Amino acid sequence: MNTTVSCELHLRLVVSSESSLPVPAGLRYATADPYAVHATFHTGAEETVEWVFARDLLAEGLHRPTGTGDVRVWPSRSHGQGVVCIALSSPEGEALLEAPARALESFLKRTDAAVPPGTEHRHFDLDTELSHILAES
């Protein structure tokens with residue numbers, strides 16, 4: 001049985017030290033893909049940007065800086081509130097987003113209830129995943 005955990009968040013795109021823009025986002029976690037959190041950032045009326053994060057990366061980023069390369073995550077404060085900073089880098093550009101720490105932590109707790117950390121392998125169907133990869137070749 002595949003269980004999905006979803007969450008809608010209001011992130012802030014940091015433009016400068018004094019300016020930021022709202023970015024609505026949706027997070028989705030599915031037990032069929034137990035290591036990943038899929039994020040959809042709504043960048044315009046009909047435009048979205050999709051990213052996939054390791055669930056462990058987001059969870060660790062609640063407490064300490066983590067990640068290298070394309071995705072870095074760390075805890076911080078903004079306007080007196082706890083936030084989690086998510087720095088994204090791609091060939092198209094870079095973005096620094098601030099997510100409300102409480103909302104992200106609540107979402108991750110619900111994913112932990114669906115698949116406790118360390119038990120992801122029990123939900124991962126290696127044969128199916130290999131079939132998909134081989135079919136794409």
Side-chain angles (χ1 to χ4, degrees):
M1 182 172 117
N2 185 25
T3 300
T4 301
V5 177
S6 298
C7 174
E8 296 296 322
L9 296 172
H10 294 283
L11 308 182
R12 303 294 304 174
L13 173 65
V14 177
V15 179
S16 71
S17 60
E18 293 88 29
S19 179
S20 64
L21 300 170
V23 177
L27 301 180
R28 185 178 52 80
Y29 176 81
T31 57
D33 190 4
Y35 294 100
V37 171
H38 296 257
T40 303
F41 302 107
H42 301 277
T43 57
E46 298 292 324
E47 300 165 15
T48 61
V49 175
E50 306 281 334
W51 279 75
V52 179
F53 305 101
R55 177 174 69 158
D56 290 349
L57 179 78
L58 292 176
E60 188 172 337
L62 285 170
H63 308 288
R64 68 187 66 66
T66 188
T68 58
D70 294 349
V71 180
R72 292 176 292 121
V73 183
W74 65 93
S76 189
R77 297 196 67 73
S78 178
H79 305 289
Q81 300 295 314
V83 296
V84 176
C85 294
I86 303 170
L88 305 174
S89 178
S90 76
E92 289 80 31
E94 297 181 355
L96 175 58
L97 298 159
E98 293 178 344
R102 280 190 170 157
L104 183 58
E105 184 175 27
S106 174
F107 168 76
L108 290 169
K109 282 183 180 179
R110 290 188 296 129
T111 71
D112 290 352
V115 177
T119 67
E120 293 90 350
H121 65 281
R122 295 182 193 153
H123 299 268
F124 191 73
D125 186 349
L126 184 58
D127 291 335
T128 299
E129 294 303 319
L130 282 174
S131 294
H132 288 342
I133 291 169
L134 294 173
E136 293 173 6
S137 301

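As the structure is a computational prediction, the values presented were derived from the model and not from experiment. Position 1 is the first residue of the sequence; numbering continues from there.
- Thr4 pairs by the side-chain contact (heavy atoms from CB on, under 4.5 Å) definition with Asn2, Ser6, Arg28, Ala30, not counting sequence neighbours.
- No side-chain donor-acceptor contact under 3.5 Å links Thr48 to the backbone of Thr40.
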Could you give the side-chain donor-acceptor pairs of residues 62-86 under 3.5 Å, partners two or more places apart or in another chain?
| residue | atom | partner | partner atom | Å |
| --- | --- | --- | --- | --- |
| Arg77 | NH2 | Gly80 | O | 2.5 |
| Ser78 | OG | Glu98 | OE1 | 3.2 |

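- Contact annotation: the side chain of Glu92 never approaches that of Val49 to less than 4.5 Å [non-hydrogen atoms, C-beta and beyond].
- The structure places CZ of Arg55 at 13.0 Å from CG of Leu27, a figure rounded to the nearest 0.5 Å.
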Tabulate below the donor-acceptor pairs under 3.5 Å that side-chain atoms of residues 8-25 make, not counting sequence neighbours, or state none.
| residue | atom | partner | partner atom | Å |
| --- | --- | --- | --- | --- |
| Arg12 | NE | Ser20 | OG | 3.1 |
| Arg12 | NH2 | Ser20 | O | 3.0 |
| Arg12 | NH2 | Ser20 | OG | 3.1 |
| Ser16 | OG | Glu18 | N | 3.3 |
| Ser16 | OG | Ser19 | N | 3.2 |

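- Between the side chain of Arg110 and the main chain of Val5, no donor-acceptor pair closer than 3.5 Å is present.
- The structure places NE2 of His38 at 11.0 Å from CZ of Phe53, a figure rounded to the nearest 0.5 Å.
- Although no hydrogens or angles enter the test, the distance criterion places no donor-acceptor pair under 3.5 Å between the side chain of Ser106 and the main chain of Ala103.
- Taking both residues in full, the closest heavy atoms of Val115 and Pro34 are given as CG1-CB, 4.4 Å, listed atom of the first, atom of the second, then distance.
- Summarising the geometry of Ala36 relative to Tyr29, their closest heavy-atom pair is O-CD1, 3.1 Å, with the distance given to 0.1 Å.
- For the atom pair CG of Leu88 and CD of Glu94, the computed distance is 9.5 Å after rounding to the nearest 0.5 Å.
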